[in-house]
Asker: 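Before I ask anything, let me first share the structure, which is written out below as C-alpha cells.
All heavy atoms count here, side chains included; hydrogens, waters and symmetry mates do not. Position 1 is the first residue of the sequence; numbering continues from there.
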Amino acid sequence: MTDIQLGMRFVDEVQAVSAIEKNKHRNLSSKFISMSISYLVANDPEIPISNIIQEVQVLFQTGCTYKRAWYARKFAIERVFDGFTYCRTVISADETHLRGPYKGVLLIASTWDANNHLFPLAFAIVDKESSESWN
C-alpha cells in the first residue's frame with residue numbers, strides 16, 4: 001500500500017496498517033460511503049449493516065465502524081428516495097390498451113416533479129381494467 005492509494009500521508013507503513021485496522025481513515029466519512037453504496041440501497045433499502053461494512057472492505061480495502069455504516073445507509077436512503085420531496089401532490093392515473101400478440105392494459109400512476117417532468121410512481125400490466133386490477 002502506498003500513501004496515494006490510502007489518500008493519507010503516513011510516516012511509515014506500520015502506522016498506515018494500524019490506522020486501517022482501527023478504522024481511522026479520515027476521508028472515509030459516512031456521506032462518502034453513502035455515495036458509493038447508493039446502488040445497494042436502491043435495490044434493498046433494508047440492507048443489513050454488516051453487508052455495508054463488507055462492501056466498504058471490498059471497495060476501499062479498509063474497515064468501517066458499525067456507526068459509520070449505519071449513518072451511510074441512512075444518508076443513502078435519503079439520497080435515493082429524495083425525488084419524492086420535490087413532487088407535486090397531484091397523482092395521475094392512466095391506462096392504455098396493448099395491441100398485438102400480447103393483449104392487456106398498462107396501468108400507470110405518475111406525478112410531476114419540480115422541473116415539470118413526469119415522475120413515474122408505479123405501473124402494472126393486467127388482463128383488463130377493473131377495480132380489482134387497480135388494487
Asker: Which atom names give the shortest non-hydrogen contact between S34 and A76, and what distance separates them?
Answerer: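 Scanning both residues, the minimum pair turns out to be CB-N, 3.6 Å.
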Asker: Could you give the distance from CG (L59) to CD1 (I33), rounded to the nearest 0.5 Å?
Answerer: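 Nearest 0.5 Å value for the CG-CD1 distance: 9.5 Å.
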Asker: Calculate, to the nearest 0.5 Å, the distance between atoms CD1 and CG belonging to I37 and N43 respectively.
Answerer: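 One gets 12.0 Å once the value is rounded to the nearest 0.5 Å.
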Asker: Show the nearest heavy-atom pair for residues A69 and I52, with the distance to one decimal.
Answerer: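 Shortest heavy-atom contact: CB-CG2, 3.8 Å.
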Asker: Of all the heavy-atom pairs spanning T62 and Q57, show the shortest one and how long it is.
Answerer: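 Minimum heavy-atom separation between T62 and Q57: O-OE1, 3.2 Å.
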Asker: With sequence neighbours excluded, tell me which residues meet ring-ring contact (aromatic ring centres under 6.0 Å, His included) with F32.
Answerer: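 In terms of ring-ring contact (aromatic ring centres under 6.0 Å, His included), with neighbours along the sequence ignored, F32 is linked to F60.
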Asker: Mind checking whether Y39 and V58 sit in one hydrophobic cluster, side chains of I, L, V, M, F, W, Y counted as touching below 4.5 Å?
Answerer: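 They do not share one cluster, since no chain of ILVMFWY contacts under 4.5 Å joins Y39 to V58.
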Asker: Ignoring hydrogens and geometry, is there a side-chain-to-backbone donor-acceptor pair from R73 to I47 under 3.5 Å?
Answerer: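 Flag set: sc R73 to bb I47 pair under 3.5 Å.
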Asker: Side chain to side chain contact (heavy atoms under 4.5 Å, CB included) between L107 and F123: does it pass, once the steps are laid out?
Answerer: CA-CA 5 Å; L107 305 175; F123 69 92; over 6 Å; no
Asker: Do you know the tightest heavy-atom contact between I53 and Y66?
Answerer: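 Taking every non-hydrogen atom into account, CD1-CA, 4.1 Å.
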Asker: Please give me the minimum heavy-atom distance between S110 and L118, naming the atom from each residue.
Answerer: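 Heavy atoms of S110 and L118 come nearest at OG-CD1, 3.5 Å.
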Asker: As a quick check of understanding, evaluate side chain to side chain contact (heavy atoms under 4.5 Å, CB included) for L28 and V56, giving each step before the final call.
Answerer: CA-CA 9 Å; L28 195 61; V56 168; 3.8 Å; yes
